[in-house]
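What you see is a predicted model, and the numbers here were worked out from it, not measured in a lab. A note on names: the letters A, B, ... follow the listed sequences, proteins ahead of strands, and every chain is numbered from 1.
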There are 2 protein chains.
Amino acid sequence: MRLLGQEDKETLAMALDHSGQRATPQRETVFGVLLDQRDHPTADEVYARTKSRMPTISMATVYNCLETLVSSGLVKQVNIEREPTRYCPNLAPHAHFHCRDTGRVYDVPVPEGMMKDLAKVLPGEYSADSVELVFRGHLAKEKTK
Amino acid sequence: MRLLGQEDKETLAMALDHSGQRATPQRETVFGVLLDQRDHPTADEVYARTKSRMPTISMATVYNCLETLVSSGLVKQVNIEREPTRYCPNLAPHAHFHCRDTGRVYDVPVPEGMMKDLAKVLPGEYSADSVELVFRGHLAKEKTK
DNA sequence: ATTTGACTTAGAATTATTCTAATTCAGTAT
DNA sequence: ATACTGAATTAGAATAATTCTAAGTCAAAT
Ligand SMILES: [Mn+2]
Ligand SMILES: [Mn+2]
Ligand SMILES: [Zn+2]
Ligand SMILES: [Zn+2]
């Protein structure tokens, strides 16, 4: 467990302020949880991890904080097939890989500009502001843990 | 409303048989509903449309039929952001466009082989058996109905 | 110090989907 | 033809992630 660094705290404060919201201990802790372990946790998992750092936090607050972070643009929601929503603090354009064996979700870096280029397949009348690319399959040798 | 053509019925029977399941009036009707109006309906919508052709069908059966069709490979599920699952009988590799204004989902044809090529961004240890590409944004002039 | 509105919280409500258990049905065996 | 068997259908209950509600807490601003 590592607390939010000064830099991350700045980023958070800026982004929250920019979207008219306040920095709070709960929001900082939840954000720290996401930055600390980038395995695309669900709200439940975020709750468990946050609770170990801030035992009084509630599930409702975790949902509220996650929503706040998403609306401020610092965190992205990742939805995979009806499963509980996962949360990803990786702001770089990237794809996701969903392992059918373990259910884990991995970030997949993509070449600079590729995500944007994908939108070129769209006919003229469509204008996309987000592009989502998800692979599903298996890992050769599963990362243990 | 148009009933299942002989050709579609064959396709259905083959695919069901291949996955060890039977062709039934309910399954044929649900499949027909999907083929008839390719707007990625939700289970609720499929239920309403099917009910008008077969008033005695139940919601449970619609879910069962949809699951059967998916498991037989004739229909794909399309999940967009926590919304109810949608169903798509378009078997060609294609992308989806989700309109933020109307919530409607459109098929987007992609160049031959492109979906497969996307998997080339994956590091060696990943092996993908499915690739999903979803755009989100707006349509210049919304298709009226 | 008071006020104000944002934030947090526990628990209730919602809702798409899945499950359960009881029929109905179609095909096969007798 | 009749009986048997497992698959398919059905109504309704159960589930579970998320959202909502309403009451309390808190911190900045007056
Ligand atoms: Mn795996
Ligand atoms: Mn639109
Ligand atoms: Zn990610
Ligand atoms: Zn489609």
Side-chain angles (χ1 to χ4, degrees), chain A residues 9 12-13 15-33 40-51 53-72 74-87 103 105, chain B residues 9 12-13 15-33 40-51 53-72 74-87 103 105:
Chain A
K9 242 176 189 161
L12 176 61
L16 286 175
D17 190 65
H18 184 271
S19 64
Q21 302 178 292
R22 297 181 189 162
T24 68
Q26 287 85 351
R27 287 169 181 176
E28 286 177 3
T29 308
V30 167
F31 189 42
V33 161
H40 303 88
T42 63
D44 262 346
E45 289 163 346
V46 173
Y47 177 53
R49 293 175 197 179
T50 307
K51 207 149 212 277
R53 304 183 187 189
M54 178 181 270
T56 59
I57 200 168
S58 71
M59 188 74 223
T61 299
V62 168
Y63 270 107
N64 289 341
C65 290
L66 289 170
E67 165 56 28
T68 298
L69 293 171
V70 168
S71 74
S72 78
L74 288 178
V75 169
K76 296 270 179 291
Q77 293 185 316
V78 181
N79 288 293
I80 304 271
E81 302 195 328
R82 295 271 98 210
E83 289 178 11
T85 297
R86 294 158 178 282
Y87 295 86
V105 173
Chain B
K9 244 178 188 159
L12 176 62
L16 286 175
D17 190 65
H18 185 271
S19 64
Q21 302 178 290
R22 297 180 190 163
T24 68
Q26 288 84 353
R27 287 168 180 176
E28 286 176 4
T29 308
V30 167
F31 189 41
V33 161
H40 304 86
T42 63
D44 262 346
E45 289 163 346
V46 173
Y47 177 52
R49 294 176 197 177
T50 308
K51 206 146 213 271
R53 304 183 186 188
M54 179 181 269
T56 59
I57 200 169
S58 71
M59 188 74 221
T61 299
V62 168
Y63 270 107
N64 289 342
C65 289
L66 289 170
E67 165 56 28
T68 298
L69 293 170
V70 169
S71 75
S72 78
L74 289 177
V75 169
K76 297 270 179 292
Q77 294 184 315
V78 181
N79 288 293
I80 303 270
E81 304 195 324
R82 296 270 96 212
E83 288 178 14
T85 297
R86 294 159 178 281
Y87 295 86
V105 174

query = Is there a donor-acceptor pair closer than 3.5 Å between any side-chain N or O of B:Thr29 and the backbone N or O of B:Pro25?
reply = yes

task = Would you mind reading off the distance between A:Ile57 atom CD1 and D:dT25 atom P, rounded to a whole angstrom?
result = 17 Å

inquiry  = Whole angstroms only, please: what is the CD-P distance between A:Glu83 and C:dT18?
reply    = 12 Å

task = Using whole Å, report how far CG of B:Leu69 lies from P of D:dA8.
result = 12 Å

query = D:dA17 P sits how many Å from A:Tyr87 OH, rounded?
reply = 12 Å

ask   = What nucleic acid atoms does B:Thr42 come within less than 4.0 Å of, heavy atoms only: base, sugar-phosphate, or nothing?
value = nothing

message = Testing the 3.5 Å rule here: is there a donor-acceptor pair between the side chains of B:Ser71 and B:Thr68?
response = no

task = Taking A:Arg27 for its side chain and A:Arg22 for its backbone only, find out whether a donor-acceptor pair lies under 3.5 Å.
result = yes

message = At less than 4.0 Å, is any side-chain N or O atom of A:Arg82 found next to OP1 or OP2 of C:dA16? Yes or no.
response = no

query = Is the backbone N or O of A:Arg82 less than 3.5 Å from a side-chain atom of B:Arg82, with the two atoms forming a donor-acceptor pair by type?
reply = yes

ask   = Between D:dT9, D:dA8, C:dT9, which nucleotide has the shortest distance from any of its atoms to the side chain of A:Gln26?
value = C:dT9

inquiry  = By nearest heavy atom, map B:Arg22 and B:Tyr47 onto DNA chain D; which one lands nearer the 5' end?
reply    = B:Arg22

key: A:Ala43, nearest nucleotide to its side chain (from D:dA8, C:dA16, D:dT18)   = D:dT18

query = NA contact type, B:Thr85, heavy-atom cut-off 4.0 Å: base, sugar-phosphate, or nothing?
reply = sugar-phosphate

task = Could you check how far CG of A:Asp17 sits from P of C:dC7, rounded to whole Å?
result = 11 Å

inquiry  = Measuring from the side chain of B:Pro84 (C-beta onward, heavy atoms only), which nucleotide among C:dC7, C:dT17, D:dA17 has the closest atom?
reply    = C:dT17

note = Which of C:dT9, D:dT19, C:dA6 is nearest the side chain of A:Tyr63? It is D:dT19

ask   = For the side chain of B:Thr61, counting heavy atoms from C-beta on, which of C:dA10, D:dT9, C:dT17 is nearest?
value = D:dT9

ask   = Taking it one step at a time, do B:Thr85 and B:Tyr87 satisfy side-chain contact (heavy atoms from CB on, under 4.5 Å)?
value = CA-CA 7 Å; B:Thr85 297; B:Tyr87 295 86; 3.8 Å; yes

key: For atom CG of A:Asn64 and atom C1' of D:dA17, their distance in whole Å   = 15 Å

inquiry  = Students often get this wrong, so: under 4.0 angstrom with heavy atoms, is B:Thr68 touching a base, only sugar-phosphate, or nothing?
reply    = nothing

task = For the pair B:His40 (side chain) and B:Val105 (backbone), establish whether a donor and an acceptor sit closer than 3.5 Å, ignoring hydrogens and angles.
result = yes

note = Nearest-nucleotide check on DNA chain C, B:Ala60 vs B:Pro25; residue mapping nearer the 5' end is B:Ala60

Distance in angstrom units between A:Leu16 CG and C:dA6 P, rounded = 15 Å

task = Could you tell me whether the phosphate oxygens of D:dA8, OP1 or OP2, come under 4.0 Å of any side-chain nitrogen or oxygen in B:Arg27?
result = yes

task = Please state how far atom CE in B:Met54 lies from atom P in D:dT9, giving the value in whole angstrom units.
result = 9 Å

request  = Tell me what A:Thr24 touches on the nucleic acid: a base, only sugar-phosphate, or nothing, going by heavy atoms under 4.0 Å.
outcome  = sugar-phosphate

